[in-house]
There are 2 protein chains.
Amino acid sequence: MTQDLQQHAFRALADPTRRQILALLAQREMTIAEVAGHFDMTRAAVKKHLSILHDGALIETRAEGRTRVNALRPDGLKSVANWLGAFDIFWDERLAALKSAIEKDIQ
Amino acid sequence: MTQDLQQHAFRALADPTRRQILALLAQREMTIAEVAGHFDMTRAAVKKHLSILHDGALIETRAEGRTRVNALRPDGLKSVANWLGAFDIFWDERLAALKSAIEKDIQ
DNA sequence: GAGTTGTGATACCTTTTGGTATCTCTTTTC
DNA sequence: GAAAAGAGATACCAAAAGGTATCACAACTC
């Protein structure tokens, strides 16, 4: 369930174009055509990327007349961040160990 | 450069098997055979996953006799976490807005 | 030193992915 | 209401991804 959503989110983030799209949408909401204007590919290709981002719950789409506005979603990246959070303690530990090992080496 | 490494890290995290491997290695270091024992696939397939994790700087490998021990790397996930961190302000803002909107709706 | 065990490397197959081209539908605009 | 503009849907193609099978190599064990 949520597991599946998380998988979709991770998959969505795997493509550099999609991460760029997220960065764009972080600045302001955009229609498909506006997003496509920033890339050297067809609108259809951009639409596919947006669909994948939508599947990962990373963006939401709102109809506005004949255009559709895409915006970031506040909860999508959270599930990814939460997964990474499980490793926080580990990283802090290891980085601290590394730091002290280096300091020991300097002396 | 670092951009490329980040791309490899995101790509490495896109596969659920690889995320499981990271979770396993967070508990303790393991040889390839040990990791493969946790999955229903050939050792060769697991080796491929480990190579991709290695490309993303998420694990490191140390030769020990005729075995090779795989361990988590303290800096790999950091680059992913840092990228996500750029959105933190945005998410907090949006989530707060969502929360107040809901509260307003209840009243 | 011969057999066994843990890995690495390669070739190959199937499915998924990223992309284009094209057609249709809906909503403006005149 | 007819033409134009924004977007969705589908078919199709090339490349990448995930997997197996198989061979070669290094290092223990006896």
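Only heavy atoms go into these numbers, but all of them, side chains included; no hydrogens, no water, no symmetry mates. So that the names make sense, note that chain A is the first sequence line, chain B the second, and so on, each numbered from 1. Everything numeric in this text was worked out from a predicted model, so none of it was measured.
- Panel note: side chain A:Arg62, backbone A:Ala71; no donor-acceptor pair is recorded below 3.5 Å.
- Atom NZ of A:Lys48 is separated from atom P of D:dA11 by 12 Å (rounded to the nearest Å).
- Within 4.0 Å of A:Lys47, counting heavy atoms only, lie sugar-phosphate atoms of the nucleic acid but no base atom.
- If you check distances only, the side chain of B:Arg66 never reaches the base of C:dT7 with a donor-acceptor pair under 3.5 Å.
- Contacts of B:Ala33 with the nucleic acid, taken as non-hydrogen atoms under 4.0 Å apart, involve only primed sugar atoms and P, OP1 or OP2.
- Here B:His49 reaches the OP1 or OP2 of D:dG19: one of its side-chain N or O atoms lies under 4.0 Å away.
- Checked against D:dG18, D:dA9, C:dG18, the side chain of A:Arg18 finds its nearest nucleotide in C:dG18.
- Counting to the nearest Å, the C1' atom of C:dT5 and the CD1 atom of B:Ile32 are 13 Å from each other.
- Heavy-atom nearest nucleotides on DNA chain C were determined for A:Ala45 and for B:Ala44, and the one closer to the 5' end corresponds to B:Ala44.
- Closest approach to the A:Arg43 side chain among D:dG8, C:dT7, C:dG18 is made by D:dG8 (side chain taken as heavy atoms from C-beta onward).
- Between the side chain of B:Gln7 and the main chain of A:Ala14, a donor-acceptor pair closer than 3.5 Å is present.
- Rounded to an integer number of Å, the gap from CG of B:Leu13 to P of D:dG18 is 12 Å.
- OP1 or OP2 of C:dG8 has at least one side-chain nitrogen or oxygen of B:Arg68 nearer than 4.0 Å.
- Whole-Å rounding puts the B:Phe39 CZ to D:dG18 C1' distance at 14 Å.
- For C:dG6, neither phosphate oxygen OP1 nor OP2 lies less than 4.0 angstrom from any side-chain nitrogen or oxygen of B:Thr67.
- A straight line from NE2 of B:His54 to P of C:dA9 spans 12 Å, rounded to a whole angstrom.
- Side-chain atoms of A:Arg18 come within 3.5 Å of backbone atoms of A:Ala12 as a donor-acceptor pair (strictly under, hydrogens ignored).
- Separating the CZ atom of A:Arg62 from the P atom of D:dG8 is a distance of 14 Å, rounded to the nearest angstrom.
- The phosphate of C:dT17 has OP1 or OP2 within less than 4.0 Å of a side-chain N or O from A:Arg11.
- The CD-P distance, from B:Glu64 to D:dA27, rounds to 14 Å in whole Å.
- In this structure, CD of B:Glu29 is placed 18 Å from P of C:dG6, rounded to the nearest angstrom.
- Not a single donor-acceptor pair under 3.5 Å links the side chain of A:Asn70 to the backbone N or O of A:Thr61.
- Under a hydrophobic clustering in which Ile, Leu, Val, Met, Phe, Trp and Tyr are joined whenever their side-chain heavy atoms come within less than 4.5 Å, directly or via other members, A:Val35 and A:Leu58 fall into the same cluster.
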